[in-house]
Every structure is written in structure tokens, then in C-alpha cells.
There are 2 protein chains.
Amino acid sequence: MSVEFDCCSFFKAVADANRVKIMLLLARGEMSVSAICKHFKMKQPSISHHLGVLKSAKVVECRKEGKEVFYRLNQCCVSSRCSDFMQRFAEKTGKGAAGD
Amino acid sequence: MSVEFDCCSFFKAVADANRVKIMLLLARGEMSVSAICKHFKMKQPSISHHLGVLKSAKVVECRKEGKEVFYRLNQCCVSSRCSDFMQRFAEKTGKGAAGD
DNA sequence: ATAACATATAGACTAATGTCTATATTATAA
DNA sequence: TTATAATATAGACATTAGTCTATATGTTAT
């Protein structure tokens, strides 16, 4: 029933080119915020903002080590959300499923 | 190289609860605009706007019949975009892929 | 305790998005 | 041709989202 809203927080998170770029960086392994910053023209608070959006959507996770925070991709989240979504729109053979 | 931007137009399109609801309706088969409208509180121009966004992203297609326009889900688009995206973030075994 | 560094938060500003009303467009009917 | 119905477009308005500067928080070193 609230499936649409649930998937939307994920899709909103990945519907930004800069956030996708962050995700692509993290797909190779965890990185600290400052390391991520080096790949962008944006200022650090903007990066932190994007990381916050990704984290709220469970797309990334983080751990603290000393003064640094290392972010990593939650690959399971990405694939489960995508495959869930795909399935929801798979061709039905006759019987409907979702209600109004 | 422009993969992120490309996928973003799709994700932007599906990152809205009302548009996902439209997609769920269309997953059962094609519908005219006025038929879609009956499922929402929004006014018709808003529905047309959302249909336009979905159409630009290739998520839906339409055909005209008399004064009505029937929209249908482009199921292939949904699944190919989702699986492309998943794959892009699949665990790499060592070699990197996407460049900066 | 103080300084220096890494990150997060707050608040301002701008741009993009969603919704509305009004109207234009296109197709059929009278 | 005129009227009616279905859809799209234009423009106004409010809300949301992205980026910035300034600053707060937390951690390590001196």
C-alpha cells in the first residue's frame, strides 16, 4: 500500500547525477568524505548533504574511524530496490494485483 | 560516460509517488487520460503533466484514438533501466570499470 | 587547554518541480 | 459552422531540492 512512497525515497536519492557519481566511486570500495570531495567541484557541505540523502535512503552506510568517516555502497539495497521495482511492473498474465 | 545523466531522467521520472501510481495502473493495460484521472484527486492538467514526464523518459507510450489518448506502460524500459542500473553497481571482483 | 583537522549542521539563496486556473488544440456531433 | 468533449499547453504560485558560506561538533596532537 505504501510501496510507492517507499520506493520513491530510493529513486529520489538516485535521481541526481552527482549522487550517482558518488555511488559509482563507492562501488569500488569505501571512501572518506574528503576523498570523495576530491572528485567534485562542489564544496564539502554539499557532498555531506548528498551523502546524507543517500544514507537516509539506505543506499550507503558509513563508519567512523578517527576524525574521518568512511562511506560505502549498500549494494544489496540497490539491487533489491531495483529488482522489487522491476517485478512490480512485470507483465501480469491476467489477474490484477495492486489496488487503487 | 553520460550514463549517470541518462539513468537520471528515468529515475527522476519514477521518483514521484503519483507517477508510480499511474505506472501501476498502466501495468494492467492501456488507459485513456480521463480514465486515469478518475483514480486521482489531481486535476487533469496535472495528470497530463505527469504523463508527459513519463513519456519523455520513455516509461510510457501512447496512441491516439478519436479524441482520446491511450497510454500504456513501456515495460521493457522499466526493466532494462533497472537491470542496467543494478549491474552498474554490482560487486566488481577486482578490475574497476567506470572512470572519473 | 589549545590548535588543527574532518565532517556535519544551519541558514540564505536560487533553481527545479508539482499543482492549479485559464485557454488552446484536436476530434466528433449536431 | 457551431457546440461539445478529450487532451495539451501556458503561466502563476507554492514547495522542494541543491549549493553556498559560516559555524558547530567531534577527534587527535601538542
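Note on naming: letters A, B, ... go to the chains in the order of the sequence lines (proteins, then strands), and numbering restarts at 1 for each one. What you are looking at is a predicted structure, and each value in this text was computed from that prediction instead of being measured.
The shortest distance between side-chain heavy atoms of B/Ser83 and B/Gln87 does not fall below 4.5 Å. For the pair B/Val20/A/Phe89, a side-chain contact is recorded, criterion being any heavy-atom separation below 4.5 Å from C-beta on. Between A/Leu51 and A/Ile36, the closest side-chain pair of non-hydrogen atoms falls below 4.5 Å. Taking the side chain as every heavy atom from C-beta outward, A/Met23 and A/Val78 approach each other to under 4.5 Å. The shortest distance between side-chain heavy atoms of B/Phe11 and B/Phe85 falls below 4.5 Å. Counting heavy atoms from C-beta outward, B/Lys55 and B/Val60 have side chains that approach closer than 4.5 Å. Looking at A/Pro45 and A/His49, their side chains never come closer than 4.5 Å, going by heavy atoms from C-beta outward.
Nucleic acid contact for B/Ser46: base, since at least one base atom lies under 4.0 Å from a heavy atom of the residue.
Taking the 5' to 3' direction, DNA chain C first and last meets chain B under 4.0 angstrom from a heavy atom at C/dT17 to C/dT28.
Side-chain atoms of B/Asn74 come within 3.5 Å of backbone N or O of B/Lys58 as a donor-acceptor pair. A/Lys21 contributes no side-chain N or O that, together with a main-chain N or O of A/Phe40, makes up a donor-acceptor pair within less than 3.5 Å.
Here D/dT7 presents its P atom at 9 Å from CD1 of B/Ile36, a figure rounded to the nearest Å. If you take NE2 of A/His50 and C1' of D/dC20, they are 12 Å apart, rounded to a whole angstrom.
Note that OG of A/Ser80 and CD of A/Gln75 are 9.5 Å apart. Values are rounded to the nearest 0.5 Å.
Against DNA chain C, the stretch residues 55-71 of chain A makes heavy-atom approaches under 4.0 Å through A/Lys67, A/Glu68, A/Val69, A/Tyr71.
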Please tabulate, one pair per line, each protein N/O and nucleotide N/O from nucleotides 15-17 of chain D that are separated by under 3.5 Å, including the distance.
none

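Regarding contacts with the backbone of D/dT7, a side-chain N or O of B/Ser34 is found under 4.0 angstrom from either OP1 or OP2.
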